[in-house]
Number of protein chains: 2
Amino acid sequence: MNVEKIIKTEKQIPITSRTIIHLSLVEAKINEMMTAALKPHGVSLQQFNVLRILRGQKGKPANLSTLNERMVTKMSNTTRLVDKLILKGYVDRMVCPSNRRKVEINITSKGESALALMDVALKETEEKLLQNFSMEDLRSINELLDKF
Amino acid sequence: MNVEKIIKTEKQIPITSRTIIHLSLVEAKINEMMTAALKPHGVSLQQFNVLRILRGQKGKPANLSTLNERMVTKMSNTTRLVDKLILKGYVDRMVCPSNRRKVEINITSKGESALALMDVALKETEEKLLQNFSMEDLRSINELLDKF
DNA sequence: CCCTTACATTTGTATATACAATTGTTGTAA
DNA sequence: TTACAACAATTGTATATACAAATGTAAGGG
């Protein structure tokens, strides 16, 4: 990825700023490729993340707050995200019987099989994105990212 | 940054997926902090980037395509981004006399002094974000990010 | 039991972004 | 010169997101 071509905005860009910009550019690239990979499946990256989280629940329903903690988006959007997944029939939502303020969200079997297909597409994209990385590189970058 | 708490969506998450998710989370954090730092100045992160690019032009006007190449956003949004900066009086736009399809965009002196203030705020945010990074860490992470 | 506060989610609204279609301009080949 | 393709920017529209306010529910003190 050719950062220099893009960030030649200032004469002498300090390495701190360079790092921040570099990260944003990489993330944009990732986002773009992942979104493209999911497009044929008709879901957005965020919708995919919700499905993944729900699968991780292994049948135990998740409420909105739980989803929200594990996502980058804000609460109000989580509601609407789930709305869209319900329309597609990938999840269902019901009021929690023990605490009617909460809702319980589950992935449906239709959602699970759709998710399985998405996994394949995403896996390929990940491999493409990370093709220049050795296992040691991956460990290093994760370690460094932990410093944020 | 505690990734583990967030990405416990799946049982055994492979290091490739972990890396991608990790990057997204870090970028989200950066974005959030930068946006917050710019908020008192009344500009978005993207608007700030445009101003920075224009300053880097050193008086030489930039047209929209040029701005676009160096930004993460799409062409149509660049138009509207510049619109907003014009409203604030930070940039001006005129039709290029030699090729009337193009526009020439310049930062105004008002824009430059506003940008100088933003720089201070952003610098602080960067330092906060990168406080755990040694100079060697910064070099490493930039090198690794180049592999994307 | 009523009132207040906190909780969990939803709705309204303004702004941001992506994508496709459109406008206006230039260059060029018949 | 005119017709057509390519270029540069803009507009329309649908969707996404952030933020604030509102809704409905639960829990606890008087």
Side-chain angles (χ1 to χ4, degrees), chain A residues 24-25 27-50 61-88 91-106, chain B residues 24-25 27-50 61-88 91-106:
Chain A
S24 299
L25 292 171
E27 206 280 337
K29 181 176 178 183
I30 291 175
N31 208 63
E32 193 185 320
M33 287 184 66
M34 302 285 253
T35 304
L38 287 173
K39 194 157 198 182
H41 300 274
V43 298
S44 71
L45 193 47
Q46 297 286 44
Q47 290 174 22
F48 171 73
N49 283 331
V50 171
N63 54 39
L64 276 187
S65 308
T66 313
L67 285 181
N68 207 52
E69 273 169 31
R70 311 231 188 115
M71 307 241 328
V72 190
T73 184
K74 292 290 181 304
M75 192 65 169
S76 55
N77 301 325
T78 311
T79 298
R80 286 181 260 241
L81 231 73
V82 169
D83 287 342
K84 307 230 178 67
L85 290 171
I86 290 173
L87 279 179
K88 298 193 176 81
V91 308
D92 52 39
R93 167 172 51 193
M94 43 178 278
V95 175
C96 173
S98 65
N99 184 345
R100 292 175 46 211
R101 283 174 298 188
K102 296 188 183 180
V103 293
E104 290 184 338
I105 297 152
N106 275 294
Chain B
S24 299
L25 291 172
E27 207 278 337
K29 181 177 178 181
I30 291 174
N31 207 65
E32 192 185 321
M33 285 184 66
M34 302 287 251
T35 304
L38 286 173
K39 194 158 197 182
H41 300 275
V43 298
S44 71
L45 194 47
Q46 297 287 44
Q47 290 174 20
F48 171 73
N49 283 331
V50 171
N63 55 40
L64 274 189
S65 307
T66 314
L67 285 182
N68 208 52
E69 274 168 30
R70 310 229 190 117
M71 307 241 330
V72 189
T73 185
K74 292 288 179 306
M75 192 64 168
S76 56
N77 301 326
T78 312
T79 298
R80 285 182 260 241
L81 230 72
V82 169
D83 287 343
K84 305 227 180 70
L85 289 171
I86 290 173
L87 280 179
K88 299 192 176 82
V91 309
D92 53 40
R93 166 172 54 192
M94 41 179 279
V95 175
C96 172
S98 66
N99 185 344
R100 290 175 46 212
R101 283 173 298 187
K102 296 187 183 179
V103 294
E104 292 183 336
I105 296 152
N106 275 295

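Chain naming here is simple, since letters A, B, ... match the order of the sequence lines and numbering starts at 1 in each. These numbers come from the heavy atoms of this one structure, side chains and all, not from hydrogens, waters or symmetry mates.
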Worksheet item: Once you round it to whole Å, what is the distance between C1' of D/dT10 and CG of B/N63?
Response: 15 Å
Fill in: Main-chain N/O of B/A62 paired with B/T66 side-chain donor or acceptor, under 3.5 Å
no
Item to complete: On DNA chain C, check which nucleotide each of B/K84 and A/T35 is closest to and give me the residue with the more 5' one.
Response: B/K84
Practice prompt. Let me know, please, whether B/E104 or A/L81 comes out on the 5' side of the other along DNA chain D by nearest nucleotide.
Written response: B/E104
Worksheet item: Taking CD1 from A/I86 and P from C/dT9, how many angstroms apart are they, rounded to a whole number?
Response: 13 Å
Worksheet item: Expressed in angstrom and rounded to an integer, what is the separation of B/K88 atom NZ from C/dT15 atom C1'?
Response: 11 Å
Worksheet item: Between C/dT9, C/dC19, D/dA9, which nucleotide has the shortest distance from any of its atoms to the side chain of A/V103?
Response: C/dT9
Worksheet item: Are A/I86 and A/I105 side-chain neighbours, meaning at least one heavy-atom pair lies under 4.5 Å?
Response: no
Worksheet, complete the sentence: In whole angstroms, the gap separating P of C/dT9 from CG of A/L64 amounts to 5 Å
Worksheet item: Can you tell me if the side-chain N/O atoms of A/K39 get under 4.0 Å from OP1 or OP2 in C/dA18?
Response: no
Practice prompt. Would you mind reading off the distance between B/Q46 atom CD and D/dA18 atom P, rounded to a whole angstrom?
Written response: 14 Å
Practice prompt. Write down the distance between CG (A/D83) and P (C/dG12), rounded to a whole number of angstrom.
Written response: 12 Å
Worksheet item: Do A/V95 and A/K102 have side chains that get closer than 4.5 Å, going by heavy atoms?
Response: no
Discussion item. Side chain of B/R80, heavy atoms from C-beta onward: which of C/dT26, C/dT10, D/dG12 has the nearest atom to it?
Written reply: D/dG12
Worksheet entry | Side-chain N,O (A/T73) to OP1/OP2 (D/dA18) below 4.0 Å | yes
Discussion item. Please determine whether a side-chain nitrogen or oxygen atom of B/K102 lies at a distance below 4.0 Å from atom OP1 or OP2 of C/dG24.
Written reply: no
Fill in: d(CG, B/N68; P, C/dC19) in whole Å
13 Å
Worksheet item: In whole angstroms, how far is the P atom of D/dT15 from the CD atom of A/Q47?
Response: 11 Å
Item to complete: Return the nearest nucleotide to the side chain of B/M75; candidates are D/dA26, C/dA16, D/dT10.
Response: D/dT10
Item to complete: Give a yes/no on whether any side-chain N or O of A/N99 is located under 4.0 angstrom from OP1 or OP2 of D/dT25.
Response: no
Worksheet entry | Among D/dT17, C/dA18, C/dT26, the nucleotide that comes nearest once only the side chain of B/R100 is considered | C/dT26
Worksheet item: NA contact type, B/S65, heavy-atom cut-off 4.0 Å: base, sugar-phosphate, or nothing?
Response: sugar-phosphate
Discussion item. Working to the nearest 0.5 angstrom, can you tell me the gap between B/Q46 CD and B/T73 OG1?
Written reply: 5.5 Å
Worksheet item: Does B/L81 reach the side chain of B/M71, with side-chain heavy atoms less than 4.5 Å apart?
Response: yes
Worksheet item: side-chain hydrogen bond (donor to acceptor under 3.5 Å, both in side chains) with B/R93: which of B/N106, B/D83, B/N63?
Response: B/D83
Practice prompt. Would you mind telling me which of C/dA6, D/dT17, C/dC19 lies closest to the side-chain atoms of A/R101?
Written response: C/dA6
Fill in: Out of C/dA6, D/dT10, D/dA16, whichever nucleotide has its closest atom nearest the side chain of B/T79
D/dT10
